Number of protein chains: 4
Amino acid sequence: MPKVVPGYKEQARNRILNEARSVFSEKGYHSATMDDVAKALGVSKGAIYQYFRSKKELFLAALDYHAGVRGSVVQSFLQEGGLKALCTEEFFDRMREESMGSLLLNYDLLRVALSDDTLRKQLRVKHEQWVKGVAEMIQHSLGEKEVSDEVDFLSLARAVLAIRDGLYGSLIVGGDAKKARRAWSVSMTRLLGSVLD
Amino acid sequence: MPKVVPGYKEQARNRILNEARSVFSEKGYHSATMDDVAKALGVSKGAIYQYFRSKKELFLAALDYHAGVRGSVVQSFLQEGGLKALCTEEFFDRMREESMGSLLLNYDLLRVALSDDTLRKQLRVKHEQWVKGVAEMIQHSLGEKEVSDEVDFLSLARAVLAIRDGLYGSLIVGGDAKKARRAWSVSMTRLLGSVLD
Amino acid sequence: MPKVVPGYKEQARNRILNEARSVFSEKGYHSATMDDVAKALGVSKGAIYQYFRSKKELFLAALDYHAGVRGSVVQSFLQEGGLKALCTEEFFDRMREESMGSLLLNYDLLRVALSDDTLRKQLRVKHEQWVKGVAEMIQHSLGEKEVSDEVDFLSLARAVLAIRDGLYGSLIVGGDAKKARRAWSVSMTRLLGSVLD
Amino acid sequence: MPKVVPGYKEQARNRILNEARSVFSEKGYHSATMDDVAKALGVSKGAIYQYFRSKKELFLAALDYHAGVRGSVVQSFLQEGGLKALCTEEFFDRMREESMGSLLLNYDLLRVALSDDTLRKQLRVKHEQWVKGVAEMIQHSLGEKEVSDEVDFLSLARAVLAIRDGLYGSLIVGGDAKKARRAWSVSMTRLLGSVLD
DNA sequence: CATGAATGAGACTTCATTCAT
DNA sequence: TATGAATGAAGTCTCATTCAT
């Protein structure tokens, strides 16, 4: 047993991850400095380097850390209300809270990913997992009610995620949240409506 | 009045704009250096500064320059085939050729825009223009066939653009183009289908 | 709270201030580079930027730092000998030692001040303080001996300072120190003589 | 006989000299660019290089050119009114118009002069010429009225010039012209008063 | 002679990263 | 472990100067 609190390092790491995400999200990967992160944490720059080898590593770890958190929140929300919940404006807002910061970070991530094949593959895989998850959800909502052959669940899932990302993107430049929200429910209803009926 | 060929400066500017876009697109706004751009052009760094006051200005100008080109291509395509053309996979591909490079740049642009109110407003306005354009197109396709009150054209338009952006985004990480294409036509048909019938 | 020696930063700052003044004084504000200063200090350029935000700030701080030192030396000298001491060649020399390097810097400072309203105002105020100080000194020397209404102390003070600056200026181009010294005592005696008698 | 107007080159040169002085005076030697000068002239940068080999040469030539002009203006003024005219506030203003710009330039010149022995010597010589000129003027004013042995004309002359330069210097930072003017007449009267009586 | 686009050296400044304390 | 001063590489931008037209 070490003298220090067990799990201390883990806690410290997570604390850094949280703050780092916040800082990166606000200023952007390139504009945020290690000093910004350190100051937000109230520690010295050097301290961060004991947990992460480089800025890039910190950035990637921060994204990864929160991707897990976010996913779980969304999923739990869906499990309660099912596909119908997904079509609501409330769901859009709920997910937005979780995603907005990360969306911006994802833009930075994409840039970083472009020159890193491994990373790009990870992103692709993760995206496909989301697609499959949503597709299954849709299919599941149908229950045994109908023959599934006529519906392209995967394409629908892709579209759902695309709308989500596209609408959030429009919000970043200052788009009206009310309109985006409405666009979400309108399009979701049209897209999944016939499936639900 | 320059003794040199008239219009030379205009040409040179455009040449820079082209190359700059290419370089920024490949490396990203932050990672690309003015030297990269200069080398791609085969000129010295200083030369660029005779045409653009700063890296940011060059970046913005390059985006603007190509936004015009892109827009016109898309529009001409739509005028021929109308709303039905928009739902095709061919359209998706066609627009992709025009957009992909710019999409990445747009991510950089968003980051830049976040700390530039004027710029953000411009982006918002431009986006709204697209929305209106697409909404009108949809409404127009309906012709006098139906009462328009029941359909929220603007929301549909927003969704259409969101899907476009979202799908292109998925392609950037290496998503399968065929699947995205299919998702496009499937979702477009569902979204606009009842309008078209 | 730094673990390092307390007051270290203060010392380092002052060391930079000293060296900077020396370098600026020798090469001039514009010709001296931050690299020159860094090399004179035996540190890297970056180190300086931890203490001063810009070259201009460093320059201004260096001037300010030494202005304090200089002022105090002069004042103490005057308090002992009063107005008579001020008229001596010895005083001229004494003050010269303190001023010469700074005089050159002051020329640079004037140039900088021309495009900086705040700075210009500071200089003006500081100059007026000197004027008032000298004027009071003259008035004080008179004691209750005479009615002061007939003497324009402020104008005299202005003249005294002008002569000082003018003579030092002549020395910079290589003027003969002996002659300047003599001009000082001769003119001071004539200027303040009747006041002193 | 050349085709071009005889003396054209001379005229062009002088025109450049005039404008250059104006630009250098306003912006300072270092801050003024060759482009600034060219634009003020309404010609291209290249044109200037056909008359002057370098920026430094242009600067020096411009100063030299106007030194002559200025001197003559002042001298003519003095020849009319003699020493008494010199003591007036009017004279101070008159000379100020001629000197202010040049005073600033002289500061720049000093900096340049410091690393150029030849130049520094020229400045010293020129200054001594002024001193002698003023000294003779004072002596001349006395006429045969008195024995000159008791008065140190050269020192007085030095003081006069020093006051001029010192007061103008105070004006540069925004000092009150009225006060400087008054200081001039007050001090001149005290300095030369007994000589004049 | 004039033009002005291009050059290229070099200035200021910023950080990610290291390391002695 | 934490600190934060120092490093040094790199980036943006500026101009004096040149030269093909």
Side-chain angles (χ1 to χ4, degrees), chain A residues 2-4 8-9 12 30-39 41-58, chain B residues 1-5 8-9 12-13 30-38 41-58, chain C residues 1-5 8-9 12-13 30-38 41-58, chain D residues 2-4 8-9 12 30-39 41-58:
Chain A
K3 260 270 182 60
V4 292
Y8 168 78
K9 254 200 118 150
H30 283 98
S31 301
T33 70
M34 290 301 268
D35 226 35
D36 290 332
V37 177
K39 258 169 205 151
L41 283 161
V43 301
S44 70
K45 259 180 300 186
I48 301 176
Y49 279 87
Q50 284 192 330
Y51 296 89
F52 304 94
R53 244 195 292 282
S54 70
K55 189 187 180 185
K56 187 175 168 182
E57 191 178 308
L58 171 61
Chain B
M1 263 175 296
K3 225 176 214 164
V4 293
V5 192
Y8 169 81
K9 234 184 150 160
R13 214 186 117 98
H30 282 100
S31 302
T33 71
M34 290 302 267
D35 223 31
D36 289 333
V37 178
L41 284 161
V43 302
S44 67
K45 254 179 303 183
I48 301 175
Y49 281 89
Q50 277 200 328
Y51 297 87
F52 305 94
R53 256 196 289 278
S54 69
K55 188 187 180 185
K56 187 175 167 183
E57 189 178 309
L58 171 61
Chain C
M1 260 176 297
K3 223 174 214 164
V4 293
V5 193
Y8 169 82
K9 234 184 150 161
R13 215 186 116 98
H30 282 99
S31 302
T33 71
M34 289 302 267
D35 222 31
D36 288 333
V37 178
L41 284 161
V43 301
S44 69
K45 256 179 302 182
I48 301 176
Y49 281 89
Q50 278 200 328
Y51 298 88
F52 304 94
R53 256 195 289 278
S54 69
K55 188 187 180 186
K56 187 175 167 182
E57 188 177 310
L58 171 60
Chain D
K3 260 265 182 64
V4 294
Y8 169 78
K9 253 199 119 149
H30 282 98
S31 301
T33 70
M34 290 300 269
D35 227 34
D36 289 332
V37 177
K39 258 168 204 152
L41 282 162
V43 301
S44 69
K45 260 181 299 185
I48 301 176
Y49 279 88
Q50 283 192 328
Y51 296 89
F52 304 94
R53 244 194 291 280
S54 71
K55 189 188 181 185
K56 187 176 169 183
E57 190 178 308
L58 171 62

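Keep in mind it's a predicted model, so treat the numbers as computed, not measured. Just so we're on the same page: letters track the sequence lines, and every chain starts at 1. Below, all heavy atoms of this structure are taken into account, side chains as well, without hydrogens, waters or symmetry copies.
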Inset, instruction - Using a cut-off of strictly less than 4.0 Å, decide whether C/Tyr8 has a side-chain nitrogen or oxygen near OP1 or OP2 of F/dT3. - result: no
Inset, instruction - Take the protein atom CD of B/Glu57 and the nucleotide atom C1' of F/dC13, then report the distance between them rounded to whole Å. - result: 13 Å
Inset, instruction - Name the nucleic acid region contacted by B/Phe52, choosing base, sugar-phosphate or nothing; use a 4.0 angstrom heavy-atom cut-off, strictly under. - result: nothing
Legend entry - Integer-rounded Å distance: F/dG4 C1' and A/Ile48 CD1: 12 Å
Inset, instruction - Quick one: which residue pairs count as a side-chain hydrogen bond (donor to acceptor under 3.5 Å, both in side chains) with a foot in residues 41-53 of chain B, not counting sequence neighbours? - result: none
Legend entry - Any A/Ser44 side-chain nitrogen or oxygen under 4.0 Å from OP1 or OP2 of F/dG4: no
Inset, instruction - Five pairs at each end of the helix from E/dA2-F/dT21 to E/dT21-F/dA2: take the axis at both ends and give me the angle between them to 10°. - result: 10°
Legend entry - Those residues that, when tested against D/Lys39, pass side-chain hydrogen bond (donor to acceptor under 3.5 Å, both in side chains) (two or more places apart): D/Asp35
Inset, instruction - Can you sort out the partners of D/Ser54 under side-chain hydrogen bond (donor to acceptor under 3.5 Å, both in side chains), two or more places apart, ordered by chain and number? - result: none
Legend entry - Atom pair distance, as rounded to whole Å: NZ in A/Lys39 and P in E/dA16: 12 Å
Inset, instruction - Can you see which heavy atom on B/Phe52 is nearest to which on B/Glu57, and at what distance? - result: CA-OE2, 3.9 Å
Legend entry - Taking every non-hydrogen atom, the tightest pair across D/Lys55 and D/Met34: CG-SD, 3.7 Å
Legend entry - Annotated protein contacts, base or backbone, on nucleotides 9-14 of chain E with a non-hydrogen cut-off under 4.0 Å, one of B, S, - each: -BSSBB
Legend entry - side-chain N/O C/Gln50 vs F/dG4 OP1/OP2, d < 4.0 Å: no
Inset, instruction - Taking only the side-chain nitrogens and oxygens of B/Lys9, find out if one of them lies under 4.0 Å from OP1 or OP2 of E/dA5. - result: yes
Legend entry - With B/Thr33 via side-chain hydrogen bond (donor to acceptor under 3.5 Å, both in side chains) - residues at least two apart: B/Asp36
Inset, instruction - Round to a whole Å and report the spacing from CZ of B/Arg13 to P of E/dA6. - result: 14 Å
